[in-house]
Protein chains: 2
Amino acid sequence: MALLSKSCLYGLRTAIFVAQQNHNAFIPISDIAKELDIPADFLTKILQRLTKKNIMNSLRGVKGGVRLGKSPDKISMYDIVQAIDGETIFKKCFLNLEGCGEEAPCPFHESWKDFRTNLGNMLKDTSLTFLIENKKFTRLK
Amino acid sequence: MALLSKSCLYGLRTAIFVAQQNHNAFIPISDIAKELDIPADFLTKILQRLTKKNIMNSLRGVKGGVRLGKSPDKISMYDIVQAIDGETIFKKCFLNLEGCGEEAPCPFHESWKDFRTNLGNMLKDTSLTFLIENKKFTRLK
DNA sequence: AGAATAAAAGACTCTTTTATCCGAAATTAA
DNA sequence: TTAATTTCGGATAAAAGAGTCTTTTATTCT
Ligand code: SF4
Ligand code: SF4
């Protein structure tokens, strides 16, 4: 078990990679896939979830590909995770129970709530700009 | 995507449930399964991973079933998660990359490391005894 | 207009996780 | 010793996630 799905990791790595390139040009998904060692067709599907949310921007045809949909300091890890894996990580009870809590919380309820909130905030506070500062991602595959 | 696998959640809920019962008696897995609304045969398999680590104790035959393998204050959530889902959650990079970090960490490396450590500590510090204090788990299914 | 390129869309396969089934071994009770 | 019960262990099936392939649509260049 992992916190984030494989799709989500692919999405994050791609976003970081794209943020490191020239912002105006579209980069073919096949190039990214080769560079990051990710199955190209699969990556295409994943990135569609990012383009739908305007995190990325895509263009078909000869000079096509993907690029960031907005400035990298306006894109957080939270945005990407939410777009691909959804929000359940940030919202669900640690036992996946429904309906309990709040009225009659178990002893772990508050700790867990804090933990989720921290996770969410940490990801919200981490923008692509922050991640690529000093070109620190030498090894992205 | 979830932090913990379904198997792991089943295991945790079962451990909490069993901790709430009389500690000396064996409880048939089928009873637990019915009570918590978990597939019985599947639960049997999951609990084997806990008995192997002596978190639970099992007995076949007429008065058989499972019970805690040690006192509930010696069993932490960490123990259970580790037994069922393993330790990768507590150890892996947020991008699942190998080999990087330490020598040339990315800007997120430390934050993530802290986060994982916190998660581990939080689960280590949460014993079954703590969880069942005041019989707060009214709703466990 | 036509050829080439690249993402979108959908069907399909492979793998892992979750769930079911069944015979064997252990334990209890009569 | 026999019958009943309950976990164990292995095989199989169903569901979900990951990955592949093929066709369609949009875009560029000649
Ligand atoms: S009270 Fe406990 S079991 Fe209920 S939602 Fe909160 S954390 Fe989950
Ligand atoms: S440096 Fe960043 S990418 Fe590398 S292991 Fe640490 S968190 Fe992961």
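Nothing here was measured: the structure is a model prediction, and the numbers come from that model. Naming: A, B, ... by sequence-line order, numbering from 1 per chain.
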Stretch residues 41-62 of chain A: residues that reach within less than 4.0 Å of DNA chain D through a heavy atom: A:Asp41, A:Phe42, A:Lys45, A:Leu59, A:Arg60, A:Gly61, A:Val62
For the pair B:Asp79 and B:Ser76, evaluate side-chain hydrogen bond (donor to acceptor under 3.5 Å, both in side chains) and give the outcome as yes or no after the intermediate values. CA-CA 5 Å; B:Asp79 299 329; B:Ser76 70; 3.2 Å; yes
Holding to side chain to side chain donor-acceptor pair (under 3.5 Å), I want the full list of residues that pass it with B:Lys34, two or more places apart in sequence or in another chain. none
Is A:Glu98 salt-bridged to A:Lys92, cutoff N-O under 4.0 Å? yes
Is B:Phe94 reachable from B:Leu97 through a run of I, L, V, M, F, W or Y residues, each pair having side-chain heavy atoms under 4.5 Å apart? yes
Under a 4.5 Å side-chain heavy-atom rule over Ile, Leu, Val, Met, Phe, Trp and Tyr, are A:Phe26 and A:Leu128 clustered together? no
Non-hydrogen atoms of B:Met1 and A:Ala2 that approach each other most closely: CE-O, 3.5 Å
How about A:Lys63: does its NZ atom have over 12 heavy atoms from other parts shown lying under 6.0 Å from it? no
Whole Å only: how far is the CG atom of A:Asn96 from the C1' atom of C:dT18? 14 Å
Residue whose closest nucleotide on DNA chain C lies nearer the 5' end, A:Met1 versus A:Gly65: A:Gly65
Going 5' to 3' along DNA chain D, which are the first and last nucleotides with any atom under 4.0 Å from a heavy atom of chain A? D:dA18 to D:dC29
What are the two closest heavy atoms between B:Phe130 and A:Phe108, and how far apart are they? CE2-N, 4.4 Å
